[in-house]
Amino acid sequence: MLQSRDFEAQKRAAIEILTSPELQSICEMALWKERDGSDEIFVAANSLGTVRFKRTPEGDRYSYEIVDVKGDNILERQDPSAFSPLKEELENLYPDPSKNHYPNAFETISQIFEDENSPDIAAVHTAAHNWEDEGGHRGEHGSLDVVQARAPFIAGGKGIAKLGVIPKSARLVDIAPTILKLLGAETIKGRTETGDLFNGVYLRVQDGRPIDEIIEPDAPPKHVVTFLLDGCNPNVLWDMIEKGEANNIARIAESGTTFAYGAIAGFPTVTLANHTAIVTGTYPGRHSVLHNSFWHRTERKRIDTNHPSTWHLWSNWVSNEVETIHQALHRCFPDAFTAAINEPADGGADFSTFGLMRKGDFRGLPEFPKELPHASQQFVRPYKDYEWATLADHLGVELATSVWKGNFQGTDYPKPSFMWCNFALTDAAMHRGGPHSDVARAGVRDTDGRIGEILAAIEEAGEIDETAFFIFADHGMEETNPEVTGNWSTALEKAGINFRDEGYSFIYIGVS
């Protein structure tokens with residue numbers, strides 16, 4: 001372990017390198033926390049400027065105050081509507097830090113440093129940074145910027161106000177309390193983002209708030225079904241809906257409300273950190289599933305959250321302070337039956353893909369057909385990632401439709417009060433070709449077809465008119481520039497800094 005003086009010197013040296021003009025093309029900014037007397041100060045810096053800010057509890061929320069700015073105020077632009085719709089995104093590919101936007105920057109930066117396993121420094125990729133040679137992809141996410149943070153958000157069906165497309169954005173952490181309020185759950189005394197107890201929340205810990213404007217208070221649904229389109233760029237999805245290429249999703253949108261500027265993810269804008277944020281209504285720094293990988297300081301080991309071999313271990317990492325939608329529903333409605341399809345963040349679900357695997361009860365399915373339905377063969381055949389996600393999503397449809405039909409592998413099931421369906425293909429396809437590619441659009445079309453199968457099963461069960469639907473993603477997806485490459489670890493290593501870089505973003509000083 002480094003002595004305190006050595007640690008601070010190495011941290012300062014790492015910050016100077018990450019915020020240098022030489023790395024500005026690949027490192028959007030560096031983020032860290034420091035102390036000023038009794039105040040916690042959060043810092044965002046790059047070669048253009050440094051912003052220091054603090055937060056103060058005001059009731060059940062924080063207010064934020066900029067302490068000082070040197071050079072440019074790099075967090076000044078926080079417009080969730082920036083680079084939308086699709087035409088504007090295409091006209092502004094690879095926005096540099098002087099033009100980019102960072103919605104909810106103060107809350108999403110500060111929250112990540114609350115956990116004991118948070119990094120010493122978070123390095124943020126630029127929009128342009130292409131790191132395919134380091135394991136990345138043509139399409140990327142993980143950063144603070146608006147295109148990577150903005151996920152689609154649609155709600156429709158029973159109990160949802162039919163407002164059409166509204167020029168607003170929400171937050172992913174708002175979804176859980178909205179669903180619970182929609183289903184008539186009772187409020188409790190719970191902890192809000194400040195850590196203090198307040199009456200009137202829906203979850204034991206709750207950063208989000210119900211989106212009241214979309215709820216019809218006198219017409220609660222009997223069922224809620226959510227469709228998570230992992231890594232789906234909302235501008236692309238809206239464009240495909242307008243062109244008639246995603247008719248099942250359009251059917252849900254026409255029956256309710258679409259947020260034109262989506263729902264904003266918490267930092268880092270990666271998979272399991274934000275799956276957990278949605279299902280618990282809390283940011284990663286409070287639910288403890290911090291990144292695709294992070295360093296556990298006490299156990300002195302790497303935690304790898306986003307891999308098929310570890311997804312079933314989600315409950316080992318999530319804070320025992322938080323509560324999922326499933327758990328909250330069972331607290332309010334002990335007889336409720338809930339299901340989590342292909343979702344690692346499945347705490348409290350009565351029926352769960354990974355729960356079956358953990359118990360050893362999953363006997364598999366009959367042999368998959370050679371040509372799966374809703375599978376674009378021109379991409380299934382050459383791309384293993386597209387093929388794997390296609391198989392996984394096909395399995396999810398089999399599980400979801402079986403539950404709605406009342407029986408899976410010889411076990412009878414009631415109709416679910418709440419069902420969560422996770423689709424992996426949109427993420428795989430948009431990573432593969434970038435969000436504006438033919439393979440990306442094929443991934444959306446294939447997923448839309450699978451959603452149609454689940455809608456048909458709900459219709460066959462006689463419950464379509466009693467069901468509300470939510471469609472969202474865990475983050476957005478942004479096109480990278482193959483000409484902008486590099487690895488900040490090389491510069492840190494040359495300077496002799498002792499560090500680990502987890503998730504290609506979370507930097508821990510003094511750990512090798």
No-hydrogen, no-angle side-chain donor-acceptor test under 3.5 Å, [X] and [Y]:
X: Trp314; Y: Thr276; answer: yes
X: Ser352; Y: Asp346; answer: yes
X: Tyr283; Y: Glu107; answer: yes
X: His330; Y: Gln327; answer: no
X: Ser293; Y: His291; answer: no
X: Tyr386; Y: Asp446; answer: yes
X: Ser63; Y: Glu58; answer: yes
X: Asn100; Y: Glu28; answer: yes

Within 45° cone and under 6.0 Å: Arg55 NZ/CZ vs Tyr62 ring:
yes
Could you tell me if Arg432 sits above the aromatic ring of Tyr383, with its cationic atom closer than 6.0 Å to the ring centre and no more than 45 degrees from the axis?
yes
Going by an N to O cut-off under 4.0 Å, is there a salt bridge joining [X] and [Y]?
X: Glu40; Y: Lys33; answer: yes
X: Glu116; Y: Arg297; answer: no
X: Glu216; Y: Lys162; answer: no
X: Arg171; Y: Asp174; answer: yes
X: Arg251; Y: Glu459; answer: yes
X: Arg441; Y: Glu245; answer: yes
X: Arg286; Y: Asp207; answer: yes
X: Lys405; Y: Glu460; answer: no

Let me confirm one number: the [atom1]-[atom2] distance from [X] to [Y], rounded to the nearest 0.5 Å.
X: Asn233; Y: Met240; atom1: CG; atom2: CE; value: 11.5 Å
X: Asn306; Y: Asp427; atom1: CG; atom2: CG; value: 8.0 Å
X: Phe423; Y: Ile454; atom1: CZ; atom2: CD1; value: 4.0 Å
X: Ile471; Y: Leu228; atom1: CD1; atom2: CG; value: 11.0 Å
X: Asp145; Y: Glu478; atom1: CG; atom2: CD; value: 4.0 Å
X: Thr282; Y: Leu203; atom1: OG1; atom2: CG; value: 8.0 Å

Does Lys158 have more than 12 heavy atoms from other residues, nucleotides or ligands lying within 6.0 Å of its NZ?
yes
Any chance NZ of Lys168 has more than 12 other-residue heavy atoms, nucleotides or ligands included, within less than 6.0 Å?
no
The test is side-chain contact (heavy atoms from CB on, under 4.5 Å); show your working for Val318 and Ser288 and say whether it passes.
CA-CA 5 Å; Val318 70; Ser288 296; over 6 Å; no
Taking the side chain as everything from C-beta on, heavy atoms only, tell me whether Val225 gets closer than 4.5 Å to Phe227.
yes
How about [X] and [Y]: are their ring centres within less than 6.0 Å of each other?
X: Tyr504; Y: Trp131; answer: yes
X: Phe106; Y: Phe53; answer: yes
X: His431; Y: His141; answer: yes
X: Phe418; Y: His326; answer: yes
X: Trp404; Y: His223; answer: yes

Would you say Ser505's side chain and Val124's backbone share a donor-acceptor pair under 3.5 angstrom?
no
Give the intermediate values and the outcome of salt bridge (charged side-chain N to carboxylate O under 4.0 Å, His left out) for residues Glu323 and Arg331.
CA-CA 10 Å; Glu323 184 177 37; Arg331 171 171 44 77; 3.0 Å; yes
Passing candidate, side-chain contact (heavy atoms from CB on, under 4.5 Å) with Tyr102, options Ile109, Leu144, Asp79
Leu144
Test log, rule side-chain contact (heavy atoms from CB on, under 4.5 Å), inputs Trp317 and Leu272
CA-CA 11 Å; Trp317 313 313; Leu272 208 48; 4.0 Å; yes
Do His275 and Asp230 pass the side-chain hydrogen bond (donor to acceptor under 3.5 Å, both in side chains) test, and can you show the C-alpha distance, the side-chain angles, and the key distance before you say yes or no?
CA-CA 9 Å; His275 281 235; Asp230 200 295; 2.9 Å; yes
Might you work through the side-chain hydrogen bond (donor to acceptor under 3.5 Å, both in side chains) test for Glu453 and His374, ending with a clear yes or no?
CA-CA 10 Å; Glu453 288 198 42; His374 318 297; 2.8 Å; yes
Working for salt bridge (charged side-chain N to carboxylate O under 4.0 Å, His left out), residues Lys222 and Glu463
CA-CA 8 Å; Lys222 290 168 57 180; Glu463 298 295 337; 3.4 Å; yes
Given the options Phe351, Phe472, Phe470, Trp420 meets ring pair (Phe, Tyr, Trp, His ring centres under 6.0 Å) only with Phe472
